[in-house]
Amino acid sequence: MEPRSSRNLHVLHALDGAKTQWYHFTAIVIAGMGFFTDAYDLFCISLVTKLLGRIYYHKEGSLKPGSLPPQVSAAVNGVALVGTLAGQLFFGWLGDKLGRKKVYGITLMLMCLCSIASGLSFGSHPKGVMTTLCFFRFWLGFGIGGDYPLSATIMSEYSNKKTRGAFIAAVFAMQGFGILGGGVFAIFIASIFNARFPAPSYQVDPVRSTVQEADYVWRIILMVGALPALLTYYWRMKMPETARFTALVAKNAEKAAADMSKILQVELEAEQSKIDDSTRRSGSFGLFSKEFAKRHGLHLLGTTSTWFLLDIAFYSQNLFQKDIFSAIGWIPPAKTMNAIQEVARIARAQTLIALCSTVPGYWFTVFLIDKIGRFTIQLLGFTMMTIFMFVLAFPYDYWTHKENNIKFVVIYSLTFFFANFGPNATTFVVPAEIFPARLRATCHGISAASGSWGRSLGRSGFCIWLRDPKKTDAGYPPGIGVKNSLIVLGVINLLGTLCTFLVPESKGKSLEEMSGENDDEDGHSPA
């Protein structure tokens, strides 16, 4: 029988062997700006929740500033994550049915419109404002969810096999700049409003500490997230459909060759007979078939379980780092600040973490993923996160002393570094490489949705766990405290280390080699 390489379509072989060209960087920017918006929109809510509590839930005579009630806080923080989960499943499936490009523009416009609408949330009383905010943030999350499988799949199918991991990771790395951008912009807006509308701290004057103009601050922060993605909408619509979808799913070899001839600037032959032969040989098994379970069942279990466990740990830390910083005294007590100052201090802490650990971690992955491999980076990341969580947890009383606060922040930052130079990046990359083209976006969406489920569990659980077991705040039950919460996160990271062994290494291999699309129906690759 003829070797696998000779049976692969010429257009796909050309993409796999193509040198890094301008269209690769264009695709990274177009897809990456969507991820910049994703991260900005998902993380900026943690910057303004304290402000929302002060504005809409102030209690006369209270010794502490107003805070969102437990159910409202859970809804405001979590509703976008629920929408994200639904969007990952729906748009992943739709991307495999209609094509990546057709669905790509829908997700972007949904994100942009709902970002703006979130800032225009209205109501004559707090419940009305929170309800409309949650409504728009659900649909914002729905659009963001679609961006995960589509961006990853498009980038993997455009890339060459030598640097494919770096290109997909570079798209995901824009998430770091989104987190950083959200923090910087929040500091900028809060500084302007604080200078223009000075106010006393809460303990000096509880009412005047929250000026009326503070209501504009959170709205502006939420709305600005739409701008970066809007700037790339035109180029996103100009991108041709990926050759792998056109050839392997739509079965149109002529169009695939024509589209890629323009991009690669070489003449490519349309080979319809090879597509027909490949379909006969490998079959067209579906997601719920025995054949899929035999070939990719463990792979899907590996990608879903590792992303699920990673997101419990990663987003628990990220969404609630302001509470950890408050617990160790890095952010002053809320009553010593006015409402706008508190936004700036929380944003400053998030920005420093992003600048010193989150962003560098992403780009370490970009530069090293095609050298040392996905498996090694993921295993290293989970292992180091486990170690650092336990280092923080067991001697926690030591870290709470003022002279040790900076050391705590350094080690805490290292957990973010190894999350991003580790499973936070690789769990995004691998599902876009190891499944067949006709199921690629669907399986990536399922893997990402598993992560979103973990993210929601971590967010809601951590919100309760983190609280001092000796105290209860405005309807919140007692928690297990910061120390025990960190131990729980360490155990979760340890489980992620073990589940990594279910995930195959895809470094240096073509997508068809990983997915087995050139194999016979019994799963064997001909000699």
note = S191 meets the side-chain contact (heavy atoms from CB on, under 4.5 Å) criterion, sequence neighbours left out, with I187
request  = Heavy atoms only: give me the nearest L133-W218 pair and the separation to one decimal.
outcome  = CD1-CZ3, 4.1 Å
task = Assign the ring pair F142 / F138 to parallel, tilted or perpendicular, where the plane angle (0 to 90°) is split at 30° and 60°.
result = parallel
Shortest non-hydrogen contact between M385 and P423, atoms and distance = SD-CG, 4.1 Å
message = Tell me every residue that passes side-chain contact (heavy atoms from CB on, under 4.5 Å) with V29, counting only those two or more places apart in sequence or in another chain.
response = M33
message = Going by salt bridge (charged side-chain N to carboxylate O under 4.0 Å, His left out), name the pairs with one or both residues in residues 206-233, residues two or more places apart or in two chains.
response = D205-R208, D215-R219
ask   = S46 and I346: which non-hydrogen atoms are nearest, and at how many Å?
value = O-CG2, 4.2 Å
All pairs passing salt bridge (charged side-chain N to carboxylate O under 4.0 Å, His left out) where residues 35-49 contributes a residue, at least two apart = none
message = For R100, give me all partners under salt bridge (charged side-chain N to carboxylate O under 4.0 Å, His left out), at least two apart in sequence or on another chain.
response = D96, E157
task = Report the distance from atom OG of S115 to atom CG of L110, rounding to the nearest 0.5 Å.
result = 9.5 Å
request  = State, yes or no, whether a side-chain contact exists between T365 and N420 at a heavy-atom distance under 4.5 Å.
outcome  = no
request  = Enter the distance from N424:CG to F418:CZ here, rounded to the nearest 0.5 Å.
outcome  = 14.5 Å
task = Tell me, please, which residues at least two apart from F394 pass ring pair (Phe, Tyr, Trp, His ring centres under 6.0 Å).
result = F390
message = Between V207 and E60, is the side-chain contact (heavy atoms from CB on, under 4.5 Å) condition met? List the steps.
response = CA-CA 8 Å; V207 175; E60 289 291 337; 4.1 Å; yes
message = I want to know whether F314 and F416 have ring centres closer than 6.0 Å.
response = yes
request  = Sort out for me which residue in T497, T427, V429, L310 forms a side chain to side chain contact (heavy atoms under 4.5 Å, CB included) with Q378.
outcome  = T427
key: With S305, the side chain to side chain contact (heavy atoms under 4.5 Å, CB included) member among S447, S450, C499   = C499
Counterpart residues, side-chain contact (heavy atoms from CB on, under 4.5 Å), relative to Y57 (two or more places apart) = L68, P69, V72, P126, M130
message = S156 vs H444, test: side-chain contact (heavy atoms from CB on, under 4.5 Å). Steps then yes/no.
response = CA-CA 12 Å; S156 74; H444 194 285; over 6 Å; no
message = Suppose we screen for ring pair (Phe, Tyr, Trp, His ring centres under 6.0 Å). Which residues come up paired with W453, at least two apart in sequence or across chains?
response = F308
message = Walk me through whether N194 and Q341 qualify under side-chain contact (heavy atoms from CB on, under 4.5 Å).
response = CA-CA 7 Å; N194 195 47; Q341 286 173 337; 3.7 Å; yes
ask   = Can you tell me how far the CG atom of L98 sits from the CD1 atom of I106, to the nearest 0.5 Å?
value = 7.5 Å
request  = Please name all residues satisfying ring pair (Phe, Tyr, Trp, His ring centres under 6.0 Å) with F172, sequence neighbours left out, ordered by chain then number.
outcome  = F35, Y362, F428
query = For the atom pair CD1 (I30) and CG (L231), what is the distance rounded to the nearest 0.5 Å?
reply = 12.5 Å
request  = On the 0 to 90° scale, with breaks at 30° and 60°, tag the W139-F135 ring pair as parallel, tilted or perpendicular.
outcome  = perpendicular
ask   = Quick check, are the ring centers of F91 and Y148 under 6.0 angstrom apart?
value = no
key: For the student: nearest non-hydrogen atoms of V211 and P198, plus distance   = CG1-O, 4.4 Å
request  = For the residue pair M389 and V491, establish whether any side-chain heavy-atom pair is separated by less than 4.5 Å.
outcome  = no
remark   = Between A347 and L47, the two heavy atoms sitting closest are CA-CD2, 3.7 Å
Sequence neighbours excluded - salt bridge (charged side-chain N to carboxylate O under 4.0 Å, His left out) pairs with any residue from residues 407-425 = none
inquiry  = I need the full list of salt bridge (charged side-chain N to carboxylate O under 4.0 Å, His left out) pairs touching residues 137-150, with sequence neighbours left out, sorted by first then second residue.
reply    = D147-R236
remark   = With sequence neighbours left out, the residues meeting ring pair (Phe, Tyr, Trp, His ring centres under 6.0 Å) with Y56 are none
remark   = Between I369 and A166, the two heavy atoms sitting closest are CG2-N, 3.4 Å
